[in-house]
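Take a look at the structure set out below.
All values reported here derive from a predicted model rather than from experimental measurement. Ligands are counted one by one from 1 in listed order, and the atoms in each one are counted from 1 as well. Quick note: residue numbers are just sequence positions, from 1.
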Amino acid sequence: QRISALRGMPDILPDEIKKWRHAEDAARTLFRQHGYEEIRTPLLEETALFNRSIGEETDIVQKQMYSFLDRGQREVSLRPEGTAPIARAYIEHGLGRAQETVKLYYIGPMFRNERPQAGRLRQFHQIGAEAMGSDSPYLDAEIISLMMRIITDCGLSDAELKINCLGCRKDKETFQQVLKTALSGQEINRLCEDCRKRYDRNILRVFDCKNEACRMALRSMPKVIDYLCPDCAARFDEVKTALELTGVKYTLFPFLVRGLDYYTGPVFEVSHKNLGSQDAVAAGGRYGDLILDLGGDRTPACGFAIGMERLLMAAPDKIGQGAGRQEIFVIALGSQARKKAFEVLNRLRNKGMSCQMAFDEKSLKSQMRFADKAGARKVLILGDTELKKGVAILRDMEQKQQKEISLDDVEDTHLW
Ligand code: HAM
């Protein structure tokens with residue numbers, strides 16, 4: 001019986017890779033420009049890392065982690081996200097000792113055992129950044145504008161940025177109490193069964209509910225932004241002012257709470273109209289207590305992650321299409337000519353040219369089709385007649401012209 005890839009864990013085929021490379025290259029260029037360095041953490045971590053950071057009562061920890069006992073009976077999980085592993089690495093290697101503000105980025109796969117649908121996978125990829133060590137509102141603005149630049153560079157100029165502020169841990173606790181009071185009595189009966197469970201376990205999660213009746217009911221509920229302490233409220237104003245200086249447009253969305261518990265302070269999410277129900281392309285925010293909670297020193301930090309599959313679903317088809325074109329395609333007709341052509345191919349490759357040839361005996365027409373598909377700008381044709389004369393036919397695929405060139409001069413491409 002044939003074995004297929006696991007559901008929700010698709011292959012990414014060569015035809016799609018151009019778009020992926022475009023996004024990755026654009027991100028790497030922008031990260032470099034903004035002073036972010038790459039970090040690569042393992043795919044597998046101790047399960048406790050995610051339980052303690054993302055939160056025991058979140059959907060990710062409750063239902064979505066690929067967790068198992070390894071052969072040493074250790075509880076391990078495939079990483080569902082990148083922030084907690086990076087916070088762990090920051091503490092473990094004392095990264096904050098060398099530099100006041102540590103600015104890191106990552107590109108790689110994450111794993112969540114969700115029900116697969118368009119834009120929701122079990123293995124998906126994120127481009128993310130985490131900046132640790134500064135409480136400056138300019139850092140929040142830098143993180144957000146950097147994320148928006150990557151998204152825009154991938155052709156999504158009309159992505160929508162929503163921001164909100166959850167306040168410090170104390171503000172979050174106050175608001176949870178306020179919300180509990182507001183939802184007690186009759187109000188709770190207007191919510192779905194899941195939300196009623198959330199009421200006891202993790203009340204902020206009710207704002208993530210997709211149920212229309214719940215959404216309606218929650219619209220009249222208190223807003224977290226109205227319960228911020230003076231310090232958090234003032235700081236949020238500074239973040240908005242700094243963000244305006246970057247030129248990034250945003251809307252204030254008072255019901256944005258995020259599905260991970262580690263956030264405190266400003267949070268944000270980016271959505272795009274080309275996506276269906278899974279319309280969040282990217283998200284992030286401040287997590288001032290996470291490093292302390294994981295056993296490090298109190299360290300202000302913030303970051304974002306872009307979901308690559310969703311980014312590329314919403315991106316125009318043309319992105320990355322120019323990339324990876326073959327410069328030269330060598331066509332041989334007959335076994336003698338193929339021998340010479342293979343030598344020429346290698347001489348060109350040794351010169352750093354991007355070129356290939358078809359190794360099997362095929363007609364000129366079919367080899368030309370192959371060259372076309374590879375996007376070759378030039379084609380070198382070698383048959384027995386050319387071989388005898390010591391030449392090859394050089395065809396310019398764009399100009400649709402051809403001429404003979406000597407095989408001795410074939411590497412002097414400036415003569416072409
Ligand atoms: P998140 O909102 O869980 O945040 O994920 C960020 C993005 O990853 C989402 O907006 C979405 O585009 C993509 N994503 C999440 N789950 C899936 C899935 N099952 N299939 C496809 N794409 C998905 C985080 O992961 C935080 N670590 C972000 C962050 C970084 N906060 C601070 N620093």
Side-chain angles (χ1 to χ4, degrees), residues 6-10 12 23 36 39 41 45 49-50 53-55 58-61 63-66 78-88 90 102-132 139-140 142-144 146-148 150-151 154 156 159-164 166 205 208 256-272 274-291 299-315:
L6 295 172
R7 211 160 98 81
M9 299 197 175
I12 303 163
Y36 285 69
I39 182 165
T41 63
E45 296 268 3
L49 172 65
F50 302 112
S53 54
I54 298 170
T58 56
D59 281 355
I60 298 180
V61 167
K63 311 184 209 161
Q64 299 171 355
M65 287 216 292
Y66 281 95
L78 284 172
R79 63 180 190 193
E81 61 106 51
T83 311
I86 289 176
R88 181 211 32 81
Y90 176 90
V102 178
K103 305 205 291 186
L104 303 168
Y105 81 86
Y106 52 99
I107 300 177
M110 307 292 162
F111 303 85
R112 295 185 195 175
N113 198 352
E114 297 193 74
R115 197 168 48 78
Q117 65 178 80
R120 191 164 72 193
L121 296 144
R122 289 180 173 162
Q123 173 172 325
F124 60 99
H125 299 75
Q126 287 184 344
I127 294 176
E130 312 294 345
M132 296 155 163
L139 190 61
D140 299 59
E142 175 177 279
I143 275 285
I144 296 174
L146 169 54
M147 168 185 73
M148 294 309 283
I150 297 173
I151 293 172
C154 291
L156 275 69
E160 197 195 341
L161 169 69
K162 299 185 201 96
I163 65 169
N164 193 22
L166 303 178
R205 294 279 79 74
D208 292 335
L256 178 67
V257 290
R258 306 281 300 121
L260 303 94
D261 282 352
Y262 52 61
Y263 293 108
T264 49
V267 289
F268 48 87
E269 212 163 88
V270 182
S271 58
H272 195 269
N274 286 4
L275 298 167
S277 62
Q278 304 299 316
D279 67 348
V281 176
R286 276 236 162 233
Y287 48 94
D289 295 330
L290 177 62
I291 294 169
T299 310
C302 62
F304 71 81
I306 301 173
M308 289 191 74
E309 283 79 2
R310 294 187 195 173
L311 176 74
L312 298 179
M313 258 171 85

For ligand 1, is there an atom lying under 4.0 Å from some heavy atom of [X]?
X    : answer
G128 : no
R120 : yes
L311 : no
A282 : yes

Minimum-distance protein heavy atom relative to [atom]:
atom                    : answer
atom 13 (C) of ligand 1 : G307 CA, 3.6 Å
atom 4 (O) of ligand 1  : R258 NH2, 2.9 Å
atom 12 (O) of ligand 1 : A280 O, 2.8 Å
atom 6 (C) of ligand 1  : Q126 NE2, 3.4 Å
atom 28 (C) of ligand 1 : Y263 OH, 3.4 Å

Could you tell me which atoms of ligand 1, counted from 1 in the order shown, lie closer than 4.0 angstrom to a heavy atom of [X]?
X    : result
E114 : 16 (N), 18 (C), 19 (N)
L121 : 18 (C), 19 (N), 20 (N), 21 (C)
E81  : 25 (O), 26 (C), 27 (N)
V281 : 10 (O), 12 (O)
E130 : 30 (C), 32 (C), 33 (N)
G119 : 20 (N), 21 (C), 22 (N)
L260 : 3 (O), 4 (O)

Stepwise side chain to side chain contact (heavy atoms under 4.5 Å, CB included) test for L121 and M9: CA-CA 6 Å; L121 296 144; M9 299 197 175; over 6 Å; no

Option set F304, F268, F124, Y262, criterion heavy-atom distance to atom 15 (C) of ligand 1, minimum: F124

Do [X] and [Y] have a side chain donor and acceptor closer than 3.5 Å?
X    : Y    : answer
Y262 : T83  : yes
E81  : S53  : no
Y66  : Q123 : no

Sole residue of Y287, Y90, Y36 in side chain to side chain donor-acceptor pair (under 3.5 Å) with E130: Y287

CA sep, side-chain torsions, deciding dist, call: R112, I60, side chain to side chain contact (heavy atoms under 4.5 Å, CB included): CA-CA 7 Å; R112 295 185 195 175; I60 298 180; 3.7 Å; yes

Verdict with supporting geometry, V267 and V257, side chain to side chain contact (heavy atoms under 4.5 Å, CB included): CA-CA 7 Å; V267 289; V257 290; over 6 Å; no

Derivation and outcome, side chain to side chain contact (heavy atoms under 4.5 Å, CB included), residues I150 and F304: CA-CA 11 Å; I150 297 173; F304 71 81; 4.0 Å; yes

Backbone or side-chain N or O of R112 under 3.5 Å from ligand 1 N or O: yes

R286 (side chain) donor-acceptor with P266 (main chain) under 3.5 angstrom: no

